[in-house]
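The structure appears below as structure tokens.
Only a predicted model underlies this, so the values are computations on that prediction, with no experimental measurement involved. This chain uses plain numbering: 1 for the first residue, then up along the sequence.
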Amino acid sequence: MQKEAMLYKPLEDNRVRCQLCAHYCKIDPGEYGFCRVRHNVDGRLYTLVYGEIIARHVDPIEKKPLYHFLPGSRAYSIATPGCNFHCDFCQNWQISQIDGTYTPQHQGPAYLPEAVVGDAQDQDCRVIAYTYTEPTIFFEYAYETARLAKQAGISKCLCHQRIHDPQSH
């Protein structure tokens with residue numbers, strides 16, 4: 001689902017500067033940011049992955065890189081495609097390192113934040129984890145989901161799991 005991005009600045013000639021991550025992409029009309037899931041349409045920046053869940057699982061909280069956070073509880077883990085990193089050693093490269101620009105893979109409606117929170121409640125999850133890919137790139141989706149989760153008494157966590165690559169030094 002295409003949705004207008006929250007963190008960007010309009011520039012001259014319908015260009016935009018994405019202010020979501022440290023790349024601060026300057027994006028020409030019709031072009032995409034480094035993450036390949038943010039698109040400039042006539043001087044307005046859009047996220048292309050709002051509600052486009054590519055992975056969702058119920059995980060034990062101990063699987064997350066957290067220390068003594070709600071031990072014994074369950075986390076409803078979600079991700080959308082794309083990433084603003086391009087790590088050669090990514091453990092989830094099939095979903096994070098999409099080639100070209102993102103196009104939705106499913107034909108159904110977007111998986112809206114209300115559905116995420118409802119599923120988390122139905123699965124008795126005390127946490128919604130934004131994980132598997134870099135959560136920064138689905139900021140608008142995570143933000144709206146987190147607002148609803150807070151109202152429902154569900155905790156949130158960002159869990160981008162970067163694994164150290166000993167070959168990189």
Side-chain angles (χ1 to χ4, degrees), residues 1-56 65 76-120 128-151 154 156-165 167-169:
M1 174 178 178
Q2 185 169 287
K3 183 177 180 77
E4 187 169 3
M6 293 172 72
L7 301 174
Y8 76 97
K9 180 180 178 181
L11 302 173
E12 293 180 5
D13 300 323
N14 279 340
R15 296 176 75 202
V16 297
R17 177 179 302 281
C18 182
Q19 297 177 310
L20 188 63
C21 77
H23 289 288
Y24 292 104
C25 295
K26 280 186 182 175
I27 308 169
D28 290 328
E31 297 297 321
Y32 298 81
F34 183 78
C35 63
R36 300 181 299 247
V37 297
R38 298 179 87 73
H39 184 218
N40 179 350
V41 178
D42 298 324
R44 296 176 75 177
L45 188 63
Y46 289 88
T47 174
L48 303 177
V49 294
Y50 187 93
E52 299 293 333
I53 296 288
I54 198 163
R56 62 185 168 135
Y76 192 80
S77 301
I78 62 171
T80 68
C83 190
N84 58 342
F85 297 110
H86 297 293
C87 307
D88 291 336
F89 52 87
C90 180
Q91 67 184 5
N92 295 316
W93 64 270
Q94 297 94 335
I95 61 176
S96 69
Q97 306 302 314
I98 57 175
D99 292 327
T101 55
Y102 177 71
T103 55
Q105 300 299 309
H106 72 280
Q107 300 300 319
Y111 196 69
L112 297 177
E114 296 83 359
V116 173
V117 173
D119 280 356
I128 294 175
Y130 310 102
T131 186
Y132 306 127
T133 63
E134 174 50 39
T136 301
I137 59 109
F138 58 96
F139 172 75
E140 294 81 6
Y141 186 55
Y143 176 80
E144 291 186 22
T145 302
R147 283 186 333 103
L148 294 173
K150 181 178 181 178
Q151 293 171 2
I154 298 173
K156 291 76 53 195
C157 68
L158 297 174
C159 298
H160 181 70
Q161 298 172 336
R162 295 187 63 158
I163 297 174
H164 173 69
D165 178 15
Q167 304 286 325
S168 67
H169 293 286

Are any non-hydrogen side-chain atoms of [X] and [Y] less than 4.5 angstrom apart?
X: L148; Y: Q151; result: yes
X: Y141; Y: V49; result: no
X: L48; Y: Y32; result: yes
X: T80; Y: V37; result: no
X: R56; Y: S77; result: no
X: K26; Y: E31; result: no

Minimum heavy-atom distance [X]-[Y], with the two atoms named:
X: E140; Y: E4; result: CG-O, 4.3 Å
X: I27; Y: R38; result: CD1-O, 4.4 Å
X: F139; Y: L20; result: CB-CD1, 3.4 Å
X: Y24; Y: R17; result: O-NH1, 3.0 Å
X: T136; Y: C21; result: CG2-CB, 4.1 Å

Using 0.5 Å steps for rounding, measure from the [atom1] atom of [X] to the [atom2] atom of [Y].
X: N92; Y: Q97; atom1: CG; atom2: CD; value: 10.0 Å
X: I95; Y: C90; atom1: CD1; atom2: SG; value: 8.0 Å
X: I54; Y: F138; atom1: CD1; atom2: CZ; value: 11.0 Å
X: H23; Y: I137; atom1: NE2; atom2: CD1; value: 11.5 Å
X: F85; Y: C35; atom1: CZ; atom2: SG; value: 11.5 Å
X: N40; Y: C25; atom1: CG; atom2: SG; value: 11.5 Å

Inset, instruction - Measure from the side-chain N and O atoms of T133 to the backbone N and O of C83, and report whether any donor-acceptor pair falls under 3.5 Å. - result: no

Inset, instruction - Apply the test side chain to side chain contact (heavy atoms under 4.5 Å, CB included) to residues Y50 and L112: give CA-CA distance (whole Å), side-chain angles for both, the deciding distance (0.1 Å), then the verdict. - result: CA-CA 8 Å; Y50 187 93; L112 297 177; 4.1 Å; yes

